[in-house]
Number of protein chains: 2
Amino acid sequence: MHNIDETDLQILTLLQPDARMSNAALAKELGMAPSAVLERVRKLEAKGIIEAYTTQINPQAVDRKLLSFVFIKESTPPGDNRVAAQLKNIPEIQELHVIAGEDCLLAKVRTADAQSLITLMREKLGKIDGIVSTKTTIVLETIKEKNHLVIPASL
Amino acid sequence: MHNIDETDLQILTLLQPDARMSNAALAKELGMAPSAVLERVRKLEAKGIIEAYTTQINPQAVDRKLLSFVFIKESTPPGDNRVAAQLKNIPEIQELHVIAGEDCLLAKVRTADAQSLITLMREKLGKIDGIVSTKTTIVLETIKEKNHLVIPASL
DNA sequence: AATGAAATGAGTCGCCT
DNA sequence: AGGCGACTCATTTCATT
């Protein structure tokens, strides 16, 4: 498959919680030459194993205080992704998943407040054909939000 | 308050999708001296506005193929966070939110497969006092998963 | 994967506004 | 307080082995 070895897994383990770690520091941790490590990192990027380096910003600081999950029921037949394609482009929708059971999409939505959520639902979701109903769950408090993966010791 | 100005917002906008961008590149984009930009970045970190720099890893590549959302109903009185405190330490639980309506927690869980989800529920959730019931929603397909915030032009 | 040299970037300082 | 420019040191990059 992707031919990912234990050194690669170590690189991922180190980089996952600290994307701005210098290549030199990474090399020191691994006991390897910086250039060798850098080449591995570039390959992980090229293969799409490293998808992106992102900065986690405190949502409060930029006035995105409300988090909610919206279940969206579609009328379109399975395999039809027209609704999803439109929802995908809404920037307030951080995540969009197709879920099992009910023929539903689940969206993770971040807005300034309840008012702007309502506006979003009315102005944007309301205009998408094929949405039958929505069910919104408001988050009162986030206890944990770390999108870190458990990286196994080997594969 | 936090006294975050438009330059700071621009820094966040640039850094959010590219945490490994060099300080020099950042300074060039902003038309400022690198030292001045660096000082701002350090302050954003110190204030907790920048929470972390993380590397997004393709879950498939490290054998974390199954994503699910688990609603967890508690028997404990409101304000009692003993259940949440234990759930928080489970590494497969990436997110944990207190949600409105039903007295529920919502967990975003990533495991290798259905079998390991079952094991997790039995071995870990099953041993936590105060959990009344769980309802699991399996993700069939993730259409979008970008935890980027919409950063306003001003605050 | 290691080396070494050149280029680039980071962090510090004193000074200016 | 925030920004600048110059400096030194660290890091990255690239050609070569």
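Sequence lines set the chain letters: A, B, ... in the order given, protein chains first and strands last, and positions in each chain run from 1.
- In this structure, CE of B:Met21 is placed 21 Å from P of D:dT11, rounded to the nearest angstrom.
- Across all strands, B:Lys43 comes closer than 4.0 Å only to sugar-phosphate atoms, never to a base (heavy-atom distances).
- B:Arg40 and B:Asp5 are joined by a salt bridge, as a carboxylate oxygen and a charged side-chain nitrogen come within less than 4.0 angstrom of each other.
- A:Glu45 and A:Arg42 are joined by a salt bridge, as a carboxylate oxygen and a charged side-chain nitrogen come within less than 4.0 angstrom of each other.
- At whole-Å resolution of the value, CD in B:Glu6 and C1' in D:dG2 are 16 Å apart.
- A 4.5 Å side-chain heavy-atom check between B:Val70 and B:Thr137 finds every atom pair outside the cut-off.
- Checking side-chain atoms of A:Ser75 against main-chain N and O of A:Val132 turns up no donor-acceptor pair under 3.5 Å.
- First and last contacting nucleotides of DNA chain C toward chain A (any atom under 4.0 angstrom from a heavy atom, 5' to 3' order): C:dA1 to C:dT3.
- Summarising the geometry, the separation between CZ on A:Arg42 and P on D:dT12 is reported as 9 Å, rounded to the nearest angstrom.
- Using a cut-off of 4.0 Å between Lys/Arg side-chain N and Asp/Glu carboxylate O, B:Lys65 and B:Asp63 are scored as salt-bridged.
- If you take CE of B:Met32 and P of D:dG3, they are 4 Å apart, rounded to a whole angstrom.
- Transitive grouping of hydrophobic side chains (ILVMFWY, heavy atoms separated by less than 4.5 Å) keeps A:Leu67 and A:Val62 in distinct clusters.
- In this entry the distance linking CG of B:Asn23 with P of D:dC4 reads 12 Å, nearest Å.
- Contact annotation for A:Arg20: no contact, since no heavy-atom pair falls under 4.0 Å across all strands.
- As judged by a 4.0 angstrom heavy-atom cut-off over every strand, B:Ser22 is placed among residues touching the sugar-phosphate backbone only.
- Of all nucleotides listed (D:dG2, D:dC4, D:dT11), D:dG2 comes nearest to the side chain of B:Arg40.
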